[in-house]
Structure formats: C-alpha cells, structure tokens
4 protein chains.
Amino acid sequence: MLNRVVLIGRLTWDPELRYTPNGVAVTSFRLAVDRPFTNQQGERETDFIDIVVWRQLAETVANYMKKGRLVAVEGRLQVRSFENNEGRRIRVSEVVGDNVRFLDRGGDRSGGSGFNQGYDNPGGMSKDRGPSDDPFADDGKPIDISDDDLPF
Amino acid sequence: MLNRVVLIGRLTWDPELRYTPNGVAVTSFRLAVDRPFTNQQGERETDFIDIVVWRQLAETVANYMKKGRLVAVEGRLQVRSFENNEGRRIRVSEVVGDNVRFLDRGGDRSGGSGFNQGYDNPGGMSKDRGPSDDPFADDGKPIDISDDDLPF
Amino acid sequence: MLNRVVLIGRLTWDPELRYTPNGVAVTSFRLAVDRPFTNQQGERETDFIDIVVWRQLAETVANYMKKGRLVAVEGRLQVRSFENNEGRRIRVSEVVGDNVRFLDRGGDRSGGSGFNQGYDNPGGMSKDRGPSDDPFADDGKPIDISDDDLPF
Amino acid sequence: MLNRVVLIGRLTWDPELRYTPNGVAVTSFRLAVDRPFTNQQGERETDFIDIVVWRQLAETVANYMKKGRLVAVEGRLQVRSFENNEGRRIRVSEVVGDNVRFLDRGGDRSGGSGFNQGYDNPGGMSKDRGPSDDPFADDGKPIDISDDDLPF
DNA sequence: TTTT
DNA sequence: TTTT
C-alpha cells in the first residue's frame, strides 16, 4: 500500500551496468549503511543493503558512481522469493531505487554535492523503455508549472 | 537535494478541484495529523498540514476523498515565499503530494483499504499535461518488467 | 548513515511474542505490501516484508495486532548475514520497527484509527530493559515542552 | 497519525543555540533544499525549510554545524498557528528534527561523512531534561542486544 | 538572514 | 474552514 525507503551510505564496489534481453538498462550495487549505535561489544555495525536501479537512472549511476562514494537512495523495499536449483526457497530483499543523489565531491561545482542526480519514475509506473529512449531527455519545453499558472 | 514527506491523517474538509489557466488540474486539502504524544496539559495536539496535488492525482483525490477520510500522503515539502499586498513577506508551506492512498473503507473490496490510489510523477519531472491527457491511462501494454527480463 | 523505512500493509499472520534469554520482549511478523503497479501479466504483486519490534512495542503489537490488520510501520532496514549449519552464507533482511500504527478499526473510538500506538526508541539508543521495565510508563510528569517554554 | 520527513540540504546560516526558561536547549536553523527539477524559466528553485532541534541534539548541532554545510535531517512536520499582535492568524511550519547527520567533511575521519551525529528521541516521548543532563551520555553499558540474545 |  |  505504501513502501518508501530512504538510505544514505557508501558504495561497497563499482556498480555494473547490464541490460535485460529486452534492452532495459539495470544497475545493481551494494550500500554500506552504518548503524547509529554500537552493539554490546562497543562496535558500530553496518547494514549492507542491495540496491537496484533501472533505465536512465541505471546508466547515470553506472557512469558516475564509484566504490566508496557517499550517496542517498530513495526507493521501495522489494522482496523476491523463488526456489533455487536445489529446491530451496530463497528470499532476496533489495531496494528498487527511484532517486539517487551523489553526496560527495563529484568534481563538478567546486566540491559541491549532488553534482549528478538521477530520478526514475517511482513505482515502476512508467512504460518500458529501451536504453536509447531517454525518459529524461530534454525536449526544450518547460517541465514545471509557473506561479502565474496557479488558480489560488 | 532530497526532500521526502510521508503523512497519515484525516481530511479536514472536502477537497476542491480547480484548474490552472492552462488547464492543469490541481486539488488542495488539509490533513489533520495527530501528534504521537501529549503536551504539558495532557492534551494530544494535531498538526494541520496543507497538501496540494496536481494533474491526474488531483482529479482522483477530488473524486474519491471526503472530509474525515483517513489517507496516507507521500510528497515533498515546499515553501513558497512572497510579498502580500501590504508589502509583508509571507511564507507558505505545503506538501506537494505525489502519492495518496485511501486507508479506510472505500466500499471497494469488502472493507479493504487503498480502494483507490493515486500516483503522480514525483519531483514534477513529468511534462505539463492538460486535464484530459491522463498520464496514467492504460494503453493496454504491460508496464513492468517480468522476471524473465532480469539479467541476473 | 541514514536508514528509514515507512510501510503500510497487512499482517500475514498473528504476531508471536518471545523473550530473549535476558528477558527482552521481541515480536516478529510479516507484512503484505501490495505494489502500486501491475506486472507484465497484469497481476498486482505483493512484497512480503519481515518486521521485528522490541521491548514495549513488541508487547503492544503482540497484544493488539491480528492477521489481516492494516498497519503502518516505521523503522530501519537491517541486513544480517551469517553462515548456516551447512556452511552456506545466508542474508536475512528485516525492518526493525520503531513505530507501529494501527490503521483499521480497533474497536476503540468508534471506527477510528490508530486506536493503539507503539513507539520504540529509534536507533536502538535506549538502554537495554527487561520486559517489566516499561520505557513508556507514565511517571505523571508532562513529557513535552509547552509554548510558554519557547525562547522565540 | 504518522508524520515523517527526510531532508538533505545546506544550512543558510550558522545555527544559534537558545535555552527555554526551564533550561531546555533548542537550536533553529534554515535548510536550503534544491528542487530536483527546473521551473518554466529553466531555473532550479530552492525550498528554504526551517528546522528546530531540542535538547542534546540542539547542542550538538550548535557546536558542529556552520552555514553552508550539507546535512541530512529526519523529523516530523509541525504546524503552529497563532494570532499575532495585530490579531492576524499566522501559521508557522517547521520540521522538528530528531536526527541530524553531517554529510560533508567534518575534519574527523579523513574526509568522511557523518563525523558527528545527533539523535533525539523522536516524538518527544522522552522526559524533559535539563541541558546538563545528556540523554546520550555513555554510561559504559552496552546499549544494544547481542546476537546471543536473540530468541530465533 | 538565504545554501552550493 | 479544522479530522477522529
């Protein structure tokens, strides 16, 4: 009914871009997210959380992200369940990201953050697109609504 | 850089649908969100939070929501600042909703919830559309990616 | 660094309350969270997400929740990794809930929602407590700050 | 019923620490949060969002944050309404932060992030404390539950 | 009072 | 204009 996740963490390896048989771009990576407290041994533990992003966002992430980079990820928590080839039931949890923000230096605007951004259409509601069909390509038209446009 | 709000509360009045001069649907409503604690007088206070939704979601909300209904709203917190006609600086805060879920009886699936749902394209990244141009109209094609499509 | 999850879904079974050897209450349950879109076969899929709650919240949830009930859960996504007795690496993902809200009729306030609420101390920053040591027990003192108290 | 906000943005000025008459620390600051899209004039707009934090977190923020720093804030959206001295109804919206993470260099761990963290007890459920009574002071005891402690 |  |  509602499923929203927000994470900030560091990439544990370089993301790798793949394509589905239908040509849809998909990138997976793992995020190290430190817990905000220490355990009984006084150690700070870390959750290693798998992220998957699709389409244009997959390509942006693959192009700009590297192991160690700090990112914010928004998305939904997905649990897939299947039987492996030993007949064992396996459950795989991952966050399907629809927004990824780069939080440390990207070499862009003088040490700034968010130099590159990615937005996907949350909830997978966008139609399936091939990799060459950029859903965010600028068509030269304005994409927001001006104040003059407001009815109140 | 990142701006996400999730609220659950009750409508304080019937929402009203308007259209911008350009024909874009927009609906505003106010949500009563009880605080999870009581104040020094032992009273439970409530935040009255303004929500605005656009396009198809505006029409869905206007059609199905009524005063008193319980809803979940996802969106971003927007602060507009302007000078009023007395030259005074006014700040208006509202949540621009991109997902609204109906949480109490909708007469749909036997006491179920979420009988009607609305999703807008978060972040306002969709192109401007007129009210008759439903961004979520079903075109008869599948809108998600099947398991067979997965490269891993 | 930051890890926040908000879910709304239905309990797939009655939760069961257990206690750790140290007497800490813990309740697990599974939430069915419908996806907001349909797959290529036109079916609406569901994520079955495991939730675990601790201490007072565990007891509240065990006392009031039943299979089928609609709830909102806030928490953090935790991934535990261990080797099973076959030497296989297993990863278990679950949401550690720190706030659970009951969203359908609880028999309390005439069809209201949120009849019962649970809050845990997010981030696990509270000290370990035994089950009889209610962290939310009312000590008769006010727990919030009045307006008179504000310095601005 | 549920009210959660997650923001990432930059401080627009140095925060200022105050105390209530009862000695409770409170710090306010304003966050500049860029929108993820451009308006009809092709400009990227920014929401300037007021944040208030209390108690220990107020002191941590006041000690470590400076104008321009990038932070993540979690909290709840609060709307206060009152009549000003001209008899006009004023509505003030602000995010009551219960978690603030520092996202750019803090001089701590070699360019790392989150060098300093603050957690407040969300929902204001903690008892009122004076400024010298650090709710997060380490008492030398473990604050989490070990794996051995788990009943499953 | 507006950040990068 | 305040919901339950």
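Chain identifiers are assigned alphabetically (A, B, ...) following the order of the sequence lines, protein sequences preceding nucleic acid strands; residue numbering begins at 1 within each chain.
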Just compare [options] and give me whichever is closest to any side-chain atom of [X].
| X | options | answer |
| --- | --- | --- |
| B/Asp34 | E/dT4, F/dT4, E/dT1 | F/dT4 |
| D/Ala32 | E/dT3, F/dT1, F/dT4 | E/dT3 |
| B/Trp13 | E/dT3, F/dT3, F/dT1 | F/dT1 |

Length of the line joining [X]:[atom1] and [N]:[atom2], which is rounded to integer Å:
| X | N | atom1 | atom2 | value |
| --- | --- | --- | --- | --- |
| D/Arg69 | E/dT4 | CZ | C1' | 10 Å |
| B/Lys66 | F/dT4 | NZ | P | 14 Å |
| B/Lys67 | F/dT1 | NZ | C1' | 8 Å |
| B/Arg10 | F/dT4 | CZ | P | 7 Å |
| D/Arg44 | E/dT4 | CZ | C1' | 12 Å |
| D/Leu2 | F/dT3 | CG | C1' | 16 Å |
| B/Asp50 | F/dT1 | CG | P | 12 Å |
| A/Leu103 | E/dT3 | CG | P | 20 Å |

Q: Test salt bridge (Lys or Arg N to Asp or Glu O under 4.0 Å) on C/Arg10 and C/Asp104 and set out the steps.
A: CA-CA 10 Å; C/Arg10 292 188 183 278; C/Asp104 47 18; 3.4 Å; yes
Q: Please report the closest heavy-atom contact between D/Met1 and B/Gly9, naming both atoms and the distance.
A: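 That would be CG-CA, 4.3 Å.
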Q.
Could you check whether the side chain of B/Thr12 and the base of F/dT1 have a donor-acceptor pair of N or O atoms closer than 3.5 Å, going by distance alone?
A.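 Checked by distance alone, the answer is no.
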(Q) Within the 4.0 Å heavy-atom criterion, would you say D/Gly68 contacts the bases, only the backbone, or no part of the nucleic acid? (A)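 The answer is sugar-phosphate, as D/Gly68 gets under 4.0 Å only of primed atoms, P, OP1 or OP2.
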Q: Find the distance between OG1 (B/Thr60) and CG (B/Leu17) and round it off to the nearest 0.5 Å.
A: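 The distance works out to 10.0 Å.
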Q: Check the pair A/Asp98, A/Arg4 against salt bridge (Lys or Arg N to Asp or Glu O under 4.0 Å), reporting the backbone distance first and the verdict last.
A: CA-CA 10 Å; A/Asp98 47 61; A/Arg4 190 107 294 245; 2.7 Å; yes
